[in-house]
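Input: a single structure, listed below in structure tokens.
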Amino acid sequence: MTDKPGIVITGASGRMGQMLIKTVLESDKAELAGVVEREGHDWIGQDIGIAMGGAARGVIVTDDALEAFSGAQAVIDFTAPEATIAFSQLAAQARCVHVIGTTGMTEEQIARLQPAGRQTVLVRAGNMSLGVNLLVQLTKKVAAALDEDFDIEVIEAHHHHKVDAPSGTALMLGEAAAEGRGVTLADVADRGRDGITGARKSGDIGFTAIRGGDIVGEHDVLFAAAGERIVLRHMATDRAIFARGALKAALWGQDKAPGEYDMIDVLGL
């Protein structure tokens, strides 16, 4: 037995799932308590170490999320919106911290997480890295300092497997820019340009999504006025930064009261 918090990883076979598993296994502050995959997946019933091509780790892949959560102190979840909503209900039932890195969630789906946040600690962020969350804060400050003479564009690039656009991080940055300007993002977002669109509307916050190759994640916030431009940039080259941030959130949440939190809370920014 150990006094280290037990962590469950959902979506074990995915790129982030495997990175999260490796991060927890390498940590001296937590232990891997369980791994979850969808019903019918080839990994069900296998030792996770063997399934990932290595040595046995004594943790068997399961499709029974509630059983896995019930024996743990936290679950880290980078899956899909509907799966995350279902996991949030089970995590609340098991009273374990639920760290959510899932992106592509609609406002309606996010609202469906609220009941879980009343029963347990729920940490959700479009990006778990320290650098990105610093960029969010900088974006808010710069947007607040500049008037609408400066157009704002959020430009993001990811690998060709990514299924949602704009990225969760891009939307975080757009929200920060809107907050800095004292407006609601939904009222000023320009998320698609094609054909004869007319001139750019003053005050809009534009989004551009690039998909290609194996790009881990790149985000620029461009403030452009006549004669000058300011560019705030973050480039990720290793998914491990997201996994380390997610583990930090899971550990941070151990002594917190039930509620909905984000990485700004975790990092104390």
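Note: hydrogens, waters and symmetry copies are ignored here, and every other heavy atom, side chains too, is used. The residues of the chain are indexed from 1 along the displayed sequence. Predicted model, so just to flag it, every value in this text is computed and none were measured.
The CG atom of L232 sits 6.0 Å away from the CG atom of L138 when rounded to the nearest 0.5 Å. Remark: T208 OG1 to D190 CG distance equals 8.5 Å, nearest 0.5 Å. Rounded to the nearest 0.5 angstrom, R239 CZ and S129 OG are separated by 13.5 Å. Note that CD1 of I152 and CZ of F223 are 4.5 Å apart. Values are rounded to the nearest 0.5 Å. Atoms CD1 and NE2, from I44 and H41 in turn, are 7.5 Å apart once rounded to the nearest 0.5 Å. Distance check: T106 OG1 to Q109 CD gives 3.5 Å after rounding to the nearest 0.5 Å.
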If you apply the rule side-chain contact (heavy atoms from CB on, under 4.5 Å), what do you find for V221 with V231, and how did you get there?
CA-CA 6 Å; V221 184; V231 181; over 6 Å; no

Audit row: M52, W43, side-chain contact (heavy atoms from CB on, under 4.5 Å) steps and yes/no:
CA-CA 9 Å; M52 290 173 57; W43 285 17; 3.8 Å; yes

Assess the residue pair M19 and D238 against the criterion (side-chain contact (heavy atoms from CB on, under 4.5 Å)); give the C-alpha distance rounded to whole Å, side-chain angles, the decisive distance to 0.1 Å, and a yes or no.
CA-CA 10 Å; M19 179 60 71; D238 187 344; 4.0 Å; yes

Would L113 and T84 satisfy side-chain contact (heavy atoms from CB on, under 4.5 Å), going step by step from the backbone distance to the final call?
CA-CA 9 Å; L113 297 173; T84 289; 4.3 Å; yes

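A246 and I76 make their closest contact through CB-CG2, 3.7 Å (heavy atoms, listed as atom of the first residue, atom of the second, distance). The minimum heavy-atom distance linking V216 with A236 is given by the pair CB-O, 3.4 Å. Nearest heavy-atom pair, A143 versus A177, reported as atom, atom and distance to 0.1 Å: CB-O, 3.4 Å. Shown here for E148 and S202, the closest heavy-atom pair between the two residues is OE1-OG, 3.3 Å. Closest of all the heavy-atom pairs between R181 and F150 is NH2-O, 2.6 Å.
Under the 4.5 Å side-chain heavy-atom criterion for Ile, Leu, Val, Met, Phe, Trp and Tyr, F78 and V121 are members of the same hydrophobic cluster. Residue V132 is not grouped with residue L134 when hydrophobic side chains (ILVMFWY) are merged at heavy-atom distances under 4.5 angstrom, including chains of intermediate members. Hydrophobic cluster membership is shared by V188 and V154, with clusters built from Ile, Leu, Val, Met, Phe, Trp and Tyr side chains linked at under 4.5 angstrom. Both L251 and V24 are members of a single hydrophobic cluster when ILVMFWY side chains are connected at heavy-atom separations under 4.5 Å. At a threshold of 4.5 Å between side-chain heavy atoms, the hydrophobic network of Ile, Leu, Val, Met, Phe, Trp and Tyr places L185 and V142 in one connected group.
For the pair S27 (side chain) and T23 (backbone), a donor-acceptor distance under 3.5 Å is absent. For the pair T197 (side chain) and R193 (backbone), a donor-acceptor distance under 3.5 Å is absent. No donor-acceptor pair closer than 3.5 Å links the side chain of T184 to the backbone N or O of D187. E37 places no side-chain N or O within donor-acceptor distance of the main-chain N or O of T10, the cut-off being under 3.5 Å. One N or O on the side chain of T102 and one on the backbone of T79 form a donor-acceptor pair closer than 3.5 Å. A donor-acceptor contact shorter than 3.5 Å links the side chain of R200 to the backbone of D204.
Under the salt bridge (charged side-chain N to carboxylate O under 4.0 Å, His left out) criterion, E108 pairs with R112, sequence neighbours left out. With sequence neighbours left out, the salt bridge (charged side-chain N to carboxylate O under 4.0 Å, His left out) criterion links D64 to no other residue.
Connectivity analysis of hydrophobic side chains (ILVMFWY, heavy atoms under 4.5 Å, direct or indirect) links I215 to nothing; its cluster partners are none. V8 shares a hydrophobic cluster with V36, L66, F69, V75, F87, L90; the chain of contacts runs through ILVMFWY side chains whose heavy atoms sit under 4.5 Å apart. With a 4.5 Å cut-off between side-chain heavy atoms of Ile, Leu, Val, Met, Phe, Trp and Tyr, the cluster of I50 takes in none.
Pairs of residues two or more places apart, or lying in two chains, that qualify as salt bridge (Lys or Arg N to Asp or Glu O under 4.0 Å) and include a residue from residues 207-220 are E156-R211, D220-R233. The salt bridge (Lys or Arg N to Asp or Glu O under 4.0 Å) analysis of residues 41-62, with sequence neighbours excluded, yields no pairs. Sequence neighbours left out, not one pair with a member in residues 115-125 passes salt bridge (Lys or Arg N to Asp or Glu O under 4.0 Å). Counting only residues at least two apart or on different chains, the salt bridge (Lys or Arg N to Asp or Glu O under 4.0 Å) pairs with a member in residues 126-144 are K140-E179.
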Return a table of donor-acceptor pairs under 3.5 angstrom between the side chains of residues 252-269 and protein atoms on other chains or two or more places apart.
{"from": "Q254", "atom 1": "NE2", "to": "Q73", "atom 2": "O", "distance (Å)": "3.4"}
{"from": "Q254", "atom 1": "NE2", "to": "A250", "atom 2": "O", "distance (Å)": "2.9"}
{"from": "K256", "atom 1": "NZ", "to": "W252", "atom 2": "O", "distance (Å)": "3.0"}
{"from": "Y261", "atom 1": "OH", "to": "A257", "atom 2": "O", "distance (Å)": "2.7"}
{"from": "D262", "atom 1": "OD1", "to": "I264", "atom 2": "N", "distance (Å)": "3.1"}
{"from": "D262", "atom 1": "OD1", "to": "D265", "atom 2": "N", "distance (Å)": "3.1"}
{"from": "D265", "atom 1": "OD2", "to": "D262", "atom 2": "N", "distance (Å)": "3.0"}

Could you give the side-chain donor-acceptor pairs of residues 163-175 under 3.5 Å, partners two or more places apart or in another chain?
{"from": "D164", "atom 1": "OD1", "to": "T103", "atom 2": "OG1", "distance (Å)": "3.4"}
{"from": "D164", "atom 1": "OD1", "to": "K162", "atom 2": "NZ", "distance (Å)": "3.1"}
{"from": "D164", "atom 1": "OD2", "to": "T103", "atom 2": "OG1", "distance (Å)": "3.1"}
{"from": "D164", "atom 1": "OD2", "to": "G104", "atom 2": "N", "distance (Å)": "3.4"}
{"from": "S167", "atom 1": "OG", "to": "A170", "atom 2": "N", "distance (Å)": "3.0"}
{"from": "S167", "atom 1": "OG", "to": "H219", "atom 2": "NE2", "distance (Å)": "3.0"}
{"from": "T169", "atom 1": "OG1", "to": "G126", "atom 2": "O", "distance (Å)": "3.3"}
{"from": "T169", "atom 1": "OG1", "to": "N127", "atom 2": "ND2", "distance (Å)": "2.9"}

Extract all donor-acceptor atom pairs below 3.5 Å that involve side chains of residues 91-100 and protein atoms in other chains or at least two apart in sequence.
{"from": "R95", "atom 1": "NH1", "to": "A92", "atom 2": "O", "distance (Å)": "2.6"}
{"from": "R95", "atom 1": "NH1", "to": "Q119", "atom 2": "OE1", "distance (Å)": "3.2"}
{"from": "H98", "atom 1": "NE2", "to": "D77", "atom 2": "OD2", "distance (Å)": "3.0"}

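Taking the six-membered ring where the residue is Trp, H161 and H159 present tilted rings, their angle falling between 30° and 60°.
The number of heavy atoms from other shown groups lying within 6.0 Å of CZ (R229) does not exceed 12. Shown here is E82, whose CD atom has more than 12 heavy atoms of other residues, nucleotides or ligands within 6.0 Å.
Here the side chains of I60 and I48 are not in contact, with every heavy-atom distance at 4.5 Å or above. Using a 4.5 Å cut-off on side-chain heavy atoms (C-beta onward), L130 and K248 make no contact.
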